[in-house]
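Here is the structure we will look at, set down as structure tokens.
Each chain gets a letter, A, B and so on, in the order its sequence line appears, and its residues count up from 1.
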Amino acid sequence: MAEKEIAGKIVQVNDEGYMTDSSEWNKEIAAVIAVEEGIGELAEGHWKVIEFLQKDFADKGTMPSLRRMTKAGGVPTKELYALFPGGPLKKSSKIAGLKKPASCV
Amino acid sequence: MSDGPIKKISLVCSKGSLDGIYPSLIMANGARMEGIEVSIFFTFFGMDAITKKKMNKIKIATVGNPGMGMPTWLGSIPGMSAMATSMMMKTMDKLDIPPISEFIEMIHDAGGKLYACKATVDMFGLSIDDFCPQVEKVLTVGEFYELSAGAEIIFT
């Protein structure tokens, strides 16, 4: 556990940089993490994914799998990879201020 | 071996039952989720996973599979393999592990490359048309090694 200053705010993060208190999250923080993760500027498609992750986590208490993001989140696999190259589930979760997903699919 | 994260893997999927095919698919998909470049080379009965006529009919072996803990006489009862498969598929669906055809599509859409083994294609008298559309091409072993340059090769 560590503290990190993101977008002018001190937030709690774990050793991989995932935020540990999602109540500290805001859109400015998301934008900074997105740049750090090599995603760049967040567009409408990214926000749709981020909002789905946050809502699904709030409803279920667990992180969705990639398949659930396509089935319940309505974003096709190809698009998820295009939006978050190099790690669609891991990177979107980090930007959404959520924990690292633990599923294998 | 070099340090740092794995960048590229090539999986060889050689076994045809449910428990032979899924490990390759799960590892391939998981690799793409980590940003790792992936190729799967389907050979021998592993090719059932990409063969149109067979990919939706793959079952778990209830005979000759010590891991199942099922006596041979019981495993050989007609319908036993189908029943065990159906039970396992239900559990997998709950864990969000898709059926084989959907999984193949998912890996393909994720940028994974799928290939069939030429030796097996010739041996079974098949052609590229027998495979699902996600299959890139039929490869010789030599071509497989060529495109695996710099990759970790994993045999399952």
Side-chain angles (χ1 to χ4, degrees), chain A residues 14-18 33-40 45-46 48-50 52-53 55-96 98-105, chain B residues 4-9 11 13 18-40 49-50 58 88-114 132-136 150-151 154 156:
Chain A
N14 71 8
D15 52 7
E16 289 183 293
Y18 287 82
I33 301 176
V35 172
E36 280 178 7
E37 289 296 311
I39 303 301
H46 298 104
K48 188 181 167 193
V49 173
I50 292 164
F52 170 74
L53 284 173
K55 188 183 174 299
D56 202 56
F57 183 71
D59 291 349
K60 301 252 168 188
T62 53
M63 293 300 294
S65 67
L66 193 67
R67 187 183 185 218
R68 187 168 163 75
M69 286 167 75
T70 61
K71 297 256 168 186
V75 186
T77 308
K78 267 187 191 167
E79 203 179 318
L80 283 171
Y81 278 89
L83 287 168
F84 300 96
L89 190 52
K90 267 186 3 181
K91 292 193 175 184
S92 57
S93 303
K94 199 172 195 177
I95 296 166
L98 300 167
K99 60 182 177 183
K100 187 178 179 178
S103 79
C104 289
V105 284
Chain B
I6 295 173
K7 291 197 178 71
K8 183 176 173 183
I9 60 164
L11 285 148
C13 177
L18 197 77
D19 49 324
I21 290 167
Y22 266 105
S24 297
L25 302 185
I26 292 172
M27 288 185 74
N29 184 62
R32 285 303 304 135
M33 285 169 67
E34 296 295 319
I36 299 168
E37 201 182 316
V38 174
S39 299
I40 317 180
I50 50 169
I58 289 159
M88 196 170 273
M89 294 296 286
K90 272 183 201 145
T91 310
M92 290 202 292
D93 192 60
K94 278 190 200 134
L95 297 171
D96 255 336
I97 301 175
I100 287 174
S101 55
E102 186 192 329
F103 217 168
I104 292 281
E105 198 182 329
M106 198 166 144
I107 293 166
H108 174 260
D109 286 355
K113 299 271 190 287
L114 311 174
C132 60
Q134 288 81 11
V135 174
E136 303 275 326
I154 304 165
T156 67

- Query: Under 3.5 Å, side chain of K91(A) to main-chain N/O of E37(A), donor-acceptor pair present?
  - Reply: yes
- Item | Contact residues of residues 64-72 of chain A (partner chain B; heavy-atom separation under 4.5 angstrom) | S65(A), L66(A), R67(A), R68(A), K71(A)
- Task: Could you tell me whether a side-chain N or O of K7(B) sits under 3.5 Å from a main-chain N or O of G150(B), the two making a donor and an acceptor?
- Result: no
- Selection residues 22-31 of chain B - residue pairs positive for side chain to side chain donor-acceptor pair (under 3.5 Å), sequence neighbours left out: S24(B)-T156(B)
- Task: State whether the number of non-hydrogen atoms from other residues, nucleotides or ligands found under 6.0 Å of M89(B) atom CE is greater than 12.
- Result: yes
- Query: Got a sec, which residues hit salt bridge (charged side-chain N to carboxylate O under 4.0 Å, His left out) with K99(A), two or more places apart in sequence or on another chain?
  - Reply: none
- Query: Are there more than 12 heavy atoms of other residues, nucleotides or ligands under 6.0 Å from atom CD of E136(B)?
  - Reply: yes
- Item | Structural part of E102(B) lying under 4.5 Å from a heavy atom of chain A | side chain
- Does any heavy atom of chain A fall under 4.5 Å from the side chain of L95(B), the backbone, both, or neither of them? backbone
- Comparing M27(B), M33(B), H108(B), R32(B) against chain A, the one with the most heavy-atom pairs below 4.5 Å turns out to be M33(B)
- Item | side chain to side chain donor-acceptor pair (under 3.5 Å) contacts in which one or both residues fall within residues 72-84 of chain A, not counting sequence neighbours | none
